[in-house]
Amino acid sequence: MAYDYQTIEAKWQKRWAEDHTFEVEEDPTRPKFYNVCMYPYPSGDIHMGHVRNYTYGDLLTRYKTMRGFNVLSPMGWDSFGLPAENAAIKTGVHPRIFTENQISRMRDQIKRLGAVYDWRREVAVHRPDYYRWNQWLFLELYDRGLAYKKNAPVNWCPKDQTVLANEQVVDGLCERCDTPVIKRDLDQWFFKITDYAQQLLDDLDGLEWPERVVTMQRNWIGRSEGCQFTMQVADTEFSFEVYTTRPDTAFGMTFAVLAPEHPLVEQLIAGGEVESEARAYIERARNASEIERLADGDKTGVFTGFEAINPVNGRRVPIYIADYVLMGYGTGAIMAVPGQDQRDWDFARKYGIDIIRTVQPPDGWEGDAYTGDGPAINSEFLDGLEMVEAKARIIEWFEERGIGKGTVNFRLRDWLISRQRYWGTPIPMVTCSDCGLVPVPREELPVIHPDVEDYAPEGRSPLAGVDEFVNVDCPKCGGPAQRETDTMDTFVDSSWYFLRYADASNETEAFDPDKARYWMPLDQYIGGIEHAVLHLLYARFITKFLHDMDMVDVVEPFAKLFTQGMIVLAGGKMSKSKGNVVAPDEFFESHGADALRLYHLFIGPPTDGAVWNDNGVDGTFRFLDRVWRMATGEFAETTERDETGADREVLADAHRTLQKVTSDIERFTFNTAVAALMEYSNALSAYLREGGRTETLRECVRLILLMLSPMAPHLAHELWERGGYDGMLAEQAWPDWDPDLVRRDSVTMVVQVNGKVRDRVGVSADISEAEAEALARSLEKVRPWLEGVTVRKVIAR
RNA sequence: GCCGGAGUGGCGGAAUUGGCAGACGCGAUGGACUCAAAAUCCAUUGUCCUUUGGGCGUGCGGGUUCGAGUCCCGCCUCCGGCACCA
């Protein structure tokens, strides 16, 4: 009987579903294992990135189950977002219909991969029973001052007439039409993630995460220690605060800079000589795209006509307006020290401003600004001090006089969650002319999207065009009020979905705290590296918030993170627009899901990216077919030959393979686990070629099937059943290897002279060192190399 | 510019603690089977030489060591992330 993967795969997928094999309940008597693959956007078709992701996740679900864990592996849909809305703009089909359709197609494909989930817990964030809890979460944050509205510059595409999320701006261009993106000021909702900046930084230390993801988050949070101090504007009553990480260089300040958006700017220029020039500059800075502003790094600015007084030495320095200073970081104003900062150097050079070095550069220094360490110079009481001491000394000096203090700054900004979009969670707020911002009462949730005629955004959410949605009675005073028409960033949805899995049909709470307590944290989270900062940071923030609300025990949601590399096709990352997508469906037909899964495991280290190669699936298919033929007796006739040596050896090899596969799965090197199984199948087929014993073959096959069960589950289950082994394979325990069998009686001793291999000889494993040395010295191939004195060690492996 | 990662056959990759470099697979070549093909099976497959053996070989240049793909110093190249963050 040939290996009929199509029939077998359909049969077992049905069986696992009907038997509820992978549905689990909370069970305090067993160790739990909460295993989650990042939920996908329902694009309609799974691609090779999904296949890789779910193959790893499914392997773990099945393996950990065999190891006796109570394994929860759920699946859901990140089903709000742009593609459905774009499709609606194009075709007029409601995003909900489009999305549900995509979900059911994609769910079918995931099932055809043989990946098993507890589907009772499925979540889809676009459904009101899910997103009402986004609205609840928003209100909880609002009540605690962690959700607030303010006017802020946002990314704006002048061609599409729409706001873009940061992640939709690629190298300063609109992702959809490649138009340079500019900033526009709009009233926006923010979540105050910056309140948690220090905790988000500190708690990274306890996570079993890839180092590079931790590093990226650390950089993103961007803690810096410095000093904030006040500067007087000469001959006025105005003053402003500056922030610097190099207060030790304050004696080198030769000018000061205000960001164009700095509130003091208006007061300084109003009615002055430079007013028109300054206004023109500010206007240009506001409208310029990121690309224009950074064009060839050229620094531009306008002199305000005012001077500031450097508090450390009383020197008067000119105040400029320049767009290389950002309003969003620090105080939006800087002391400029060209001797120690390259940007200040460039600006000073261009505008003919003095440069004073306050740190002695090393001998032979020919560069511009010197930003390194060295003794302070030209700095009065700091002279001779190294950077660290000089910093401490000057901060002390500022603090003694009450004009400055040591401070900490973060690069992390508050999370802008407003989107002028239809297909997202409506923000549950209304604005009343009398009461101002008023939350929608919780009992009125969910605020549901009304249907609209036109989904095209025109600088405001399509919801703003639906009068009966917008105009409501104020929940507080009953007077006329308007609903918020923006929707939430879809990253809000994904920042807590893993809690909803604990009880996805809960109608009274976002999630059941007791069930969540049992399952949290995730023991394994698997996904793409592209989420290293956004999703993985937001989810940490929301978890910490829920912890502070006493709804969650843990402070970190994802104990262990695995980020898989990206699958590429020769010629770059797979994407529909490039037309280089390899569809998994074709392989379900041509090679079967098991061969496809196995190739994904085999293609290379899971952390690395990989280049897709169709022929690779031929290889894993051939391997599975060979296993099939050996297990079904089609490969070779077995005899009752009882040759103890060969029998014991092939069995011992099976146990050694088991040892290797087990440790490879534990350390996430699935490629070598598959290689070990292939190597073993070669050894077994060599054994069978000579005519092996039936019982030996049967035991070897039993072990192979147990090992293959998490990797190629359909084939393994079918052969298990046909072989008449007990029960369903998925419910068997992962086997233990026999230490006696694994131990080798004889080993190959490699003899090296001066690090070069000169001979190999088979010896007994318990050979003494002296014997080994004597033997090695006596070897014909070794003797000629031993002319002089030798220092040597015996290695026996 | 800063941070992180990686360079090994024709290709994907292996070598887990400094100890047989190239496991396993793909591709290729030759053979068996076949009227033929496919499938399958067997063999070979880093490179060079004076081939029962030996030299060279893990991006480049040094170093440590009996011994280095692995450790140290200095470079080069590629990939990813952040980027006028004071």
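All chains are named by letter (A, B, ...) in the order of the sequence lines, taking the proteins before the strands, and each is independently numbered beginning at 1.
- Spacing between B:U77 and B:A38 at atom P, rounded to whole Å, works out to 47 Å.
- Which of B:U16, B:A86, B:A23 sits closest to the side chain of A:Lys660 comes down to B:U16.
- Proximity of A:Asn671 to the phosphate of B:A14: a side-chain N or O atom is located under 4.0 Å from OP1 or OP2.
- In this structure, A:Arg413 reaches the bases: a heavy-atom distance under 4.0 Å links it to at least one base atom across the strands shown.
- At B:G4, none of the side-chain N or O atoms of A:Arg218 fall inside 4.0 Å of OP1 or OP2 (strictly under the cut-off).
- Judged by distance alone, the side chains of A:Asp664 and A:Thr672 do bring a donor and an acceptor atom under 3.5 Å apart.
- For A:Arg689, a side-chain nitrogen or oxygen approaches OP1 or OP2 of B:C42 to under 4.0 Å.
- Taking atom C1' on both B:C33 and B:U17, the two are 49 Å apart, rounded to the nearest angstrom.
- Across the strands present, B:C60 finds its partner in B:G74; the criterion is a Watson-Crick or G-U wobble pair with both atom distances under 3.5 angstrom.
- B:G55 and B:A15 have their P atoms separated by 27 Å, given to the nearest Å.
- Contact annotation for A:Thr669: no contact, since no heavy-atom pair falls under 4.0 Å across all strands.
- Between A:Tyr329 and B:A86 there is a side-chain polar atom (N or O) within less than 4.0 angstrom of OP1 or OP2.
- Using bins of under 30°, 30° to 60° and over 60° for the plane-to-plane angle, the ring pair A:His531/A:Phe491 lands in the perpendicular bin.
- Listed pair A:Asn613 / B:G25 fails the phosphate criterion, with no side-chain N or O lying under 4.0 Å from OP1 or OP2.
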